[in-house]
There are 2 protein chains.
Amino acid sequence: MKYEDEFVKLEDHLCFSLYACSRAIFRLYRPFLDELNLTYPQYLVLLVLWERKQSTVKELGELLGLDSGTLTPMLKRMEAAGLVERKRSAEDERVVMITITEEGNHLKEKAVCIPRSLLESTGMTEEEVITINNVIKKLLHNVNTASMK
Amino acid sequence: MKYEDEFVKLEDHLCFSLYACSRAIFRLYRPFLDELNLTYPQYLVLLVLWERKQSTVKELGELLGLDSGTLTPMLKRMEAAGLVERKRSAEDERVVMITITEEGNHLKEKAVCIPRSLLESTGMTEEEVITINNVIKKLLHNVNTASMK
DNA sequence: AACAATTATATTGTGTACAATTTAAATGAA
DNA sequence: TTCATTTAAATTGTACACAATATAATTGTT
């Protein structure tokens, strides 16, 4: 009945565990991403573009849970680095199409080994990771549903 | 055998789920914390100080997984807001003691209801949250152990 | 058609994160 | 004791996050 009590400690805050854990995993990614000159959020954008070649800022925002205030400058940096192209759609001038470049696509080959490397460095089994991921995805869904109201 | 494959999708990246989920929960906290004029990381600092009244920058860094580059400016803002005091230790001039003020301590009464409110808004049971928290804390431990090597 | 409302990005401003470096104090070995 | 090493914070610089606002294009209503 922790949540009935007067005070919930830091360590009992699920939100803190998630926050600390995601940053701790960022740290594991860093040496691999440094190799590719990528930040973690940039890597996430590429994951989307490796799947579908092309996307809009709006769609990237929905998939990653980021807004244009975060994405616009990040995508400009990625464009400057030669990883993506930004072009206004001809049909709807409000929309900016983000397309992956040859160079951006080429990084995929160097990046595919990262998930397995990280899995090994934590010493966890693939099944464990998949199970936890499903739990977190369900939690994310609950939280997003809650924030709609 | 996802991790043996050529390519792991965004949604199968546990790290992305954790990252998205922790930011989604931040969003649930926001209206409550706005009321107290706190950011989420500042709330975390107060959680520590509500437990032990006093801490050092180093200790806060270890507990929260943040470094002085993040904490120093944040603690200065909290000092400016009247929530904490920053004072060099007399025994060891390198150490900065962070002490909670009357005002900072007073916020505790307004904040204790937050965890329960959030629990209710997600519609999850306390047992579920505790279970997930234990899973994530174990994962965090594994990740931190991995990064030592 | 005219114009209000909506939509997709961009911009501005504040607050983290964190690597890398700096500074000053304390510790330890010769 | 003396000086190299270590340690705790602070500083610098870059990159997110995100609220709030602005801008321009499209859609919906009358």
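First the proteins, then the strands, lettered A, B, ... as listed; each starts at 1. Computed from a predicted model, the values in this text were never measured in an experiment.
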Would you say D:dC18 has OP1 or OP2 under 4.0 Å from some side-chain N or O of B:Arg23? yes
Mind telling me whether B:Phe7 and A:Trp50 have parallel, tilted or perpendicular rings, with 30° and 60° as the class edges?
perpendicular
With sequence neighbours left out, the residues meeting side chain to side chain donor-acceptor pair (under 3.5 Å) with B:Lys110 are none
Taken to the nearest whole Å, NZ/A:Lys76 to C1'/D:dT14 is 17 Å
Under a 4.0 Å threshold between the charged nitrogen and the carboxylate oxygen, would B:Lys108 count as salt-bridged to B:Glu51? no
Atom CG of A:Asn37 and atom P of D:dT14 are separated, to the nearest Å, by 15 Å
- Item | Greater than 12 external heavy atoms within 6.0 Å of B:Gln54's CD | yes
Taken to the nearest whole Å, CZ/B:Phe26 to P/D:dC18 is 8 Å
Between B:Tyr19 and A:Ile25, is any pair of side-chain heavy atoms under 4.5 Å apart?
no
Should the heavy atoms of other residues, nucleotides or ligands under 6.0 Å from CD of B:Glu59 be counted, would the total exceed 12? yes
By nearest-heavy-atom nucleotide on DNA chain C, the more 5' of A:Asp92 and B:Gly65 is A:Asp92
Atom CG of A:Leu60 and atom P of D:dC16 are separated, to the nearest Å, by 13 Å
Nearest-nucleotide check on DNA chain D, A:Leu66 vs A:Arg94; residue mapping nearer the 5' end is A:Leu66
Quiz item: What nucleic acid atoms does A:Thr39 come within less than 4.0 Å of, heavy atoms only: base, sugar-phosphate, or nothing?
Solution: sugar-phosphate
Among D:dA15, D:dC18, D:dA9, the one nearest any side-chain atom of B:Arg27 is D:dC18
From CG of B:Leu75 across to C1' of D:dA10 the rounded distance in Å is 12 Å
Give the ring-plane orientation class for B:Tyr43 versus B:Tyr29, where under 30° counts as parallel, over 60° as perpendicular and anything between as tilted. tilted
(request) Look at all strands and tell whether A:Glu91 reaches a base, only sugar-phosphate, or nothing, counting heavy atoms closer than 4.0 Å. (result) sugar-phosphate
With a 4.0 Å cut-off (strictly under) to non-hydrogen atoms of chain A, the first and last hit nts on DNA chain C, 5' to 3', are C:dT7 to C:dA19
Whole-Å distance, B:Tyr29 OH to D:dA17 C1', equals 18 Å
Taking only side-chain N and O atoms of B:Arg86, does any of them lie within less than 4.0 angstrom of OP1 or OP2 on D:dA10?
yes
Testing D:dT11, D:dA9, D:dA25 for proximity to the side chain of A:Glu93, the answer is D:dA25
- prompt: Counting only side-chain N and O atoms of A:Thr70, is one of them less than 4.0 Å from OP1 or OP2 of D:dA17?
  reply: no
Taken to the nearest whole Å, OH/A:Tyr40 to C1'/D:dA17 is 15 Å
note: A:Arg30, atom CZ; D:dT14, atom P; distance rounded to Å ~ 14 Å
Quiz item: Would B:Glu93 and B:Arg88 pass as an ion pair if we require N to O under 4.0 Å?
Solution: no
| How would you label the contact of A:Asp67 with the nucleic acid (heavy atoms, under 4.0 Å): base, sugar-phosphate, or nothing? | base
